[in-house]
Peer 1: 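Questions regarding the structure given below will be posed in turn.
Values below: every heavy atom of this structure, side chains too, minus hydrogens, waters and symmetry copies.
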Amino acid sequence: GKMVNLTESSVFSQKGVISYATDAKVVLDLLTNNYLKGSGIFDKDNNFLGIVFIRNGRANLVKGSVIRFFVDSSIGKSSK
C-alpha cells in the first residue's frame, strides 16, 4: 500500500457506480478502502456531489446539498 500524507491534498481517481440511492442515503458500488474516507466525489462534469464515508464495508455518500445546508446554517448561527 501507499502511505498518504494527510498534511496536503492528493488527487486520485476511482471509478464507481451508484448501488442505490434514497432521500436519506447514497451507497456506492466500488472497491472500498480506507483511503476513500473523506474523499470528495465529483461527476464527469466536475460538479461536487458529496463526501465519502465508510460504513459496514460499503462506501456511502454525504450529499453535497446536506453539506451545503450544514455550512450555511452554521455560518448563519455564528454570525448572529
Peer 1: Could you walk me through whether I18 and D29 pass side-chain contact (heavy atoms from CB on, under 4.5 Å), step by step?
Peer 2: CA-CA 6 Å; I18 296 174; D29 186 13; over 6 Å; no
Peer 1: Counting only heavy atoms from other residues, nucleotides and ligands, does the tally under 6.0 Å from CZ of F69 exceed 12?
Peer 2: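 Atom CZ in F69 is not crowded, with 12 or fewer foreign heavy atoms closer than 6.0 Å.
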Peer 1: Quick one: CG on L61 to OG on S19, what's the gap to the nearest 0.5 Å?
Peer 2: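 Going from CG on L61 over to OG on S19, the span is 12.5 Å.
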Peer 1: Side-chain heavy atoms nearer than 4.5 Å, only ILVMFWY residues, links allowed to pass through others: does that put I75 and I51 together?
Peer 2: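 Yes: a chain of side-chain contacts under 4.5 Å links I75 to I51.
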Peer 1: With a 6.0 Å cut-off (strictly less than), is the heavy-atom count around CZ of F42, excluding the residue itself, greater than 12?
Peer 2: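 Counting neighbours around CZ of F42, more than 12 heavy atoms of other residues, nucleotides or ligands fall under 6.0 Å, so yes.
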Peer 1: Measuring from atom CZ of F48 to atom CG of D43, what distance do you get when rounded to the nearest 0.5 angstrom?
Peer 2: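 Here the rounded value is 11.5 Å.
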Peer 1: At what distance, to the nearest 0.5 angstrom, does CZ of R58 lie from CG of L30?
Peer 2: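 With rounding to 0.5 Å, CZ (R58) is 9.0 Å from CG (L30).
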Peer 1: Is I67 atom CD1 crowded by more than 12 heavy atoms from other residues, nucleotides or ligands, each under 6.0 Å away?
Peer 2: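 Yes - once you tally the heavy atoms of other residues, nucleotides and ligands closer than 6.0 Å, there are more than 12.
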Peer 1: Under the side-chain contact (heavy atoms from CB on, under 4.5 Å) rule, what do V26 and K63 come out as? Steps first, then yes or no, please.
Peer 2: CA-CA 8 Å; V26 176; K63 295 179 183 179; 3.5 Å; yes
Peer 1: If I take atom CG from residue L28 and atom CD1 from residue I54, how far apart are they, to the nearest 0.5 angstrom?
Peer 2: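 Those atoms lie 8.5 Å apart.
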Peer 1: Are V71 and V62 connected in a single hydrophobic cluster, I mean Ile/Leu/Val/Met/Phe/Trp/Tyr linked by side-chain heavy atoms less than 4.5 Å apart?
Peer 2: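 Cluster IDs for V62 and V71 match.
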Peer 1: So, D72 side chain and F70 main chain: donor-acceptor pair closer than 3.5 Å or not?
Peer 2: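 Not a single qualifying donor-acceptor pair exists.
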